[in-house]
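Here's the structure, in structure tokens; my notes come after.
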Protein chains: 2
Amino acid sequence: MKIKIKKIDYLPARQVTFSKRRRGIFKKAGELSILCESEVAVIIFSQTGKLFDFSSSSTKDVIARYNSHIGGEKSDQPTIHQLQLEKENNIRLRKELEDKSCKLRQMKGVDLEDLDLDELQKLEKLVEASLGRVIQTKEEKIMSEVMALEKKGAELIEANNQLSHRMVMYPRGDIGPEAILELENLNNIGEESVTSESTTNVTTCSNSSLSLEDDCSDILSLKLGLP
Amino acid sequence: MKIKIKKIDYLPARQVTFSKRRRGIFKKAGELSILCESEVAVIIFSQTGKLFDFSSSSTKDVIARYNSHIGGEKSDQPTIHQLQLEKENNIRLRKELEDKSCKLRQMKGVDLEDLDLDELQKLEKLVEASLGRVIQTKEEKIMSEVMALEKKGAELIEANNQLSHRMVMYPRGDIGPEAILELENLNNIGEESVTSESTTNVTTCSNSSLSLEDDCSDILSLKLGLP
DNA sequence: GGACCTATGTTTAGAAG
DNA sequence: GCTTCTAAACATAGGTC
């Protein structure tokens, strides 16, 4: 599959696709009704609430036939007002989302055609500043990891020394097998599990992939060695 | 067209085609509803009278919506189901919005504390690439503006030459006041209104400010001179 | 919005199980 | 009715006008 079946973020592209695919479905529906002598109706509401429908005969007729098949019963009156409220809420959220998507795409450096020079200049400064902060944060993180590792290393050396000291004080036989195991473990820790802390995934976003096309999954790993 | 769109005479072939194409249409309908966030219902009665239907939400709801669109007659039944749907929609939108906001903030280089080294590294690459694209777009824009201005300048010089020529041919009295005005205007245009085109604001986003805290409104202006 | 284009990727007729 | 296979037909993303 080349394109992913998920909401198209970019509004103009979404509109074009809607129009093309809608016509495609209507065409297929018409073909099916003729090829197989069946009765077909397609009802589509665009995101903006506009109605598009197609039917081999009459949409109303097909709906009537549908209703009689189902066994038309009606009920429930949960206050039309409430529904109205939810819908308004919905519209507002959609607008906000559209706006955020647009800004996010611009921050990613795509769909910049409609920006004028001033706006491009501002955007550049913004992205530049962002890059600076990202790099700084990254370096701080690296430094703190390095320091943590140094501290750990120092502790290990200290522990090692103390153990060696005990070995001298009790040359043989007097230390139990537990003490020997302890020493071996400490030596291993110092050399292997250095990046263990950085593999903890914190998922503040529900989907933390910030990739441009939502599918570039190149893994960049940073290896740290002890100084 | 290889196959003619006309009733398939051979019953077994017709049945197979019916099944295949029916599923094809349902799939396309589902894709359309997701890609373009629209509400879709497809109702099909086979030749034998069997009902097949597909809907992005609920065929009944779509039919209810269809009926209210066609003419508010019949009965407005908001159907508790519809309300439920709107509420779910609402929750989904809120989540999407939260997610987009989070990603946007990260793209802006804030709230990076919870990212691990790997994620920071990826983010850096992303922002870096974005910066490259922004700069490229800006430079392309500048180049096209400069070229437009050069062209304009050349045209003005040419016009000026022609007018000077006319001045020589009709030394005095013979040119009317209109011609003099024309000449003066041309001279002014050449020196002053150079950046007029870059001040056109195109607002693709409802709010095109991409500032970090939504309040830093430093204006950066780029002045272009004729070469 | 629509009409056209071209390079993909997708669907499907026809056959067989 | 379903699946699977193939080549061929078709739809459509992403352009342009």
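Note that the structure is a prediction, hence the values are computed from the model and not measured. Per chain, numbering begins at 1; letters A, B, ... match sequence-line order.
dT11(C) atom C1' lies 14 Å from atom CD1 of Ile3(A), rounded to whole Å. Between Phe18(B) atom CZ and dG14(C) atom P there is a gap of 18 Å when expressed in whole angstrom units. Atom CD1 in Ile25(B) sits roughly 11 Å away from atom P in dA11(D) (whole-Å rounding).
Mapping Phe52(A) and Lys20(A) onto DNA chain C via the closest heavy atom, the residue that lands nearer the 5' end is Phe52(A).
OP1 or OP2 of dA13(D) lies within a sub-4.0 Å distance of a side-chain N or O belonging to Thr17(A).
A cation-pi arrangement, defined by a distance under 6.0 Å to the six-membered ring centre and an angle within 45 degrees of its axis, is present between Arg65(B) and Phe45(A).
Surrounding NZ of Lys7(B) are more than 12 heavy atoms belonging to other residues, nucleotides or ligands, all under 6.0 Å away.
Proximity note for Arg21(A) (side chain, C-beta onward) versus dT12(D), dT10(C), dT3(D): the nearest is dT12(D). Looking at the side chain of Lys28(A), the nearest of the listed nucleotides dC2(D), dT12(C), dA13(D) is dT12(C).
Residue Gln15(A) is classed as having no contact, given no heavy-atom separation below 4.0 Å to the nucleic acid.
In this structure, the side chain of Ser130(A) does not engage the main chain of Leu126(A) through any donor-acceptor pair within 3.5 Å.
Between the side chains of Ser57(B) and Glu39(B), a donor-acceptor pair is found at a separation under 3.5 Å.
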